[in-house]
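Notes follow the structure.
Everything quoted here is computed from the prediction, not taken from an experiment. Both ligands and their constituent atoms are indexed starting at 1 by order of listing.
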Amino acid sequence: MKVAVVRESAPGERRVALVPDAVAKLRAAGIEALVETGAGDGAWLSDDAFTEAGATIAARGELAVAADVIVTVGRPDEEVVTGLRPGQALLGMLAPLGDPRYARRLAEAGVTAISLDLIPRTLPRAQPMDALTSQANIAGYKAAVVAAGAFGRFFPLLITAAGTARPAKVLVLGAGVAGLQAIGTARRLGAVVSGYDVRPETKGEVESLGAAFIELTSVGPASGEGGYARALTEEEREAQQDELASHIARQDVVITTAQVPGRRPPLLVTADALKSMTPGSVVVDMGASPLGGNVEGSQPDETVVTENGVTVIGAGNLPSTMPAAASAMYARNVSALLLYLVKEGSPPTLAIDLSDDLQRGVVITSEGRVVHPALAESAGGTARVDGASH
Ligand code: NAD
């Protein structure tokens, strides 16, 4: 079986889907790796490093012909998709939900599409494959570092002959994987940290990191399904924004990480709340998206300074800014899933079994059909090879 690693093409993407260590591990299981020339450049992984681990470096055209499975970080570019042939598999963070046409296209091409971002995260055996968690950990860490970098004062308490610096006050909104990592990182840098989430079960996790948990009186518990938050009602949203504003006004740094599955990120920091902050304060919005983020007016990859001197940083692809660590962790997720999907034998082959709950969660197309329940529903039924649905 041959796995091909393509060079990522999304603007600014520096990660690579497999690293040399993972290549060696796959080889030990009888899986060969083909790596596109320069695929690891963005993560400081040379073609030679891949070759030493046993990979074959190849041009893009050769990869498409020889590969059984193409592995990627994000969606591959048009050239790769057009070159896919029936029987090939595509494995990456394909973000298929909300875009049934993409899945239908892959089904029509006869491709087995496997989307790592849909891994059923609550299954213990899926944890080594959980790329959302591995990448969110990196993003949370980097968000705290970015905030510290933009802040014109110290995070820790410093007592020096030239004076004493008080520790920075940092508030992290949203205490999921990224939020908890941001809290831990800000704590390690010596800040006085508090955290908030609508899921009350996060209180213990926040406190165990040495941060204070903020409880709002105006919003009740809002735990949803699968460990995620539910969307708040309009009244709850307004009450939350108002009550949070009084906490935000007292902070030097606010890092927001709140997400609700399938919805635009909730707005937590309003323009009025930004106005209440003191000059020199920093806000990092990890929820920033073209549809809006957790902070009013923030845009991904854009930094603005408000009239009252607050720096608002819309985070973009934070994991890609730490490409060596992010690729190493992502490659572990990819190789764990590949090894799980492969039937041992000589040679090993991909054995898709949709009676398995883990596979049902990640496989979006198989044998010419859109098979993922969430997509089959939004596509109005299971797509057949001819594109019809029923
Ligand atoms: P996420 O990225 O979807 O959301 C980040 C956080 O934002 C969540 O904690 C959520 O509660 C919070 N949030 C949403 N709306 C909010 C609002 N209006 N105000 C304040 N906070 C708000 O979540 P995630 O980090 O991907 O993970 C969420 C959950 O999944 C966690 O419980 C995590 O422990 C769980 N998880 C479990 C496993 C596992 O069981 N193996 C693996 C990964 C994650």
- Message: Any heavy-atom pair between the side chains of Thr365 and Leu375 that's under 4.5 Å?
- Response: no

- Item | Side-chain donor-acceptor contact under 3.5 Å, Glu243 with Thr217 | yes

- Within the protein, residues bringing a heavy atom under 4.0 Å of ligand 1, chain by chain: Arg121, Thr122, Gln127, Asp130, Thr133, Gly174, Ala175, Gly176, Val177, Tyr196, Asp197, Val198, Arg199, Gly227, Tyr228, Ala229, Leu232, Gln240, Thr257, Ala258, Gln259, Val260, Pro266, Leu268

- For Arg125, what residues pass the side-chain hydrogen bond (donor to acceptor under 3.5 Å, both in side chains) criterion, not counting sequence neighbours? Tyr340, Asp356, Asp357

- Looking only at heavy atoms, what is the nearest atom pair of Leu180 and Ala175, with distance? CG-O, 3.5 Å

- Message: Ignoring hydrogens, what is the shortest heavy-atom contact between Glu205 and Glu201? Give both atom names and the distance.
- Response: OE1-O, 4.0 Å

- Task: Report yes if some heavy atom in the side chain of Leu132 is under 4.5 Å from a heavy atom in the side chain of Ile119; otherwise report no.
- Result: no

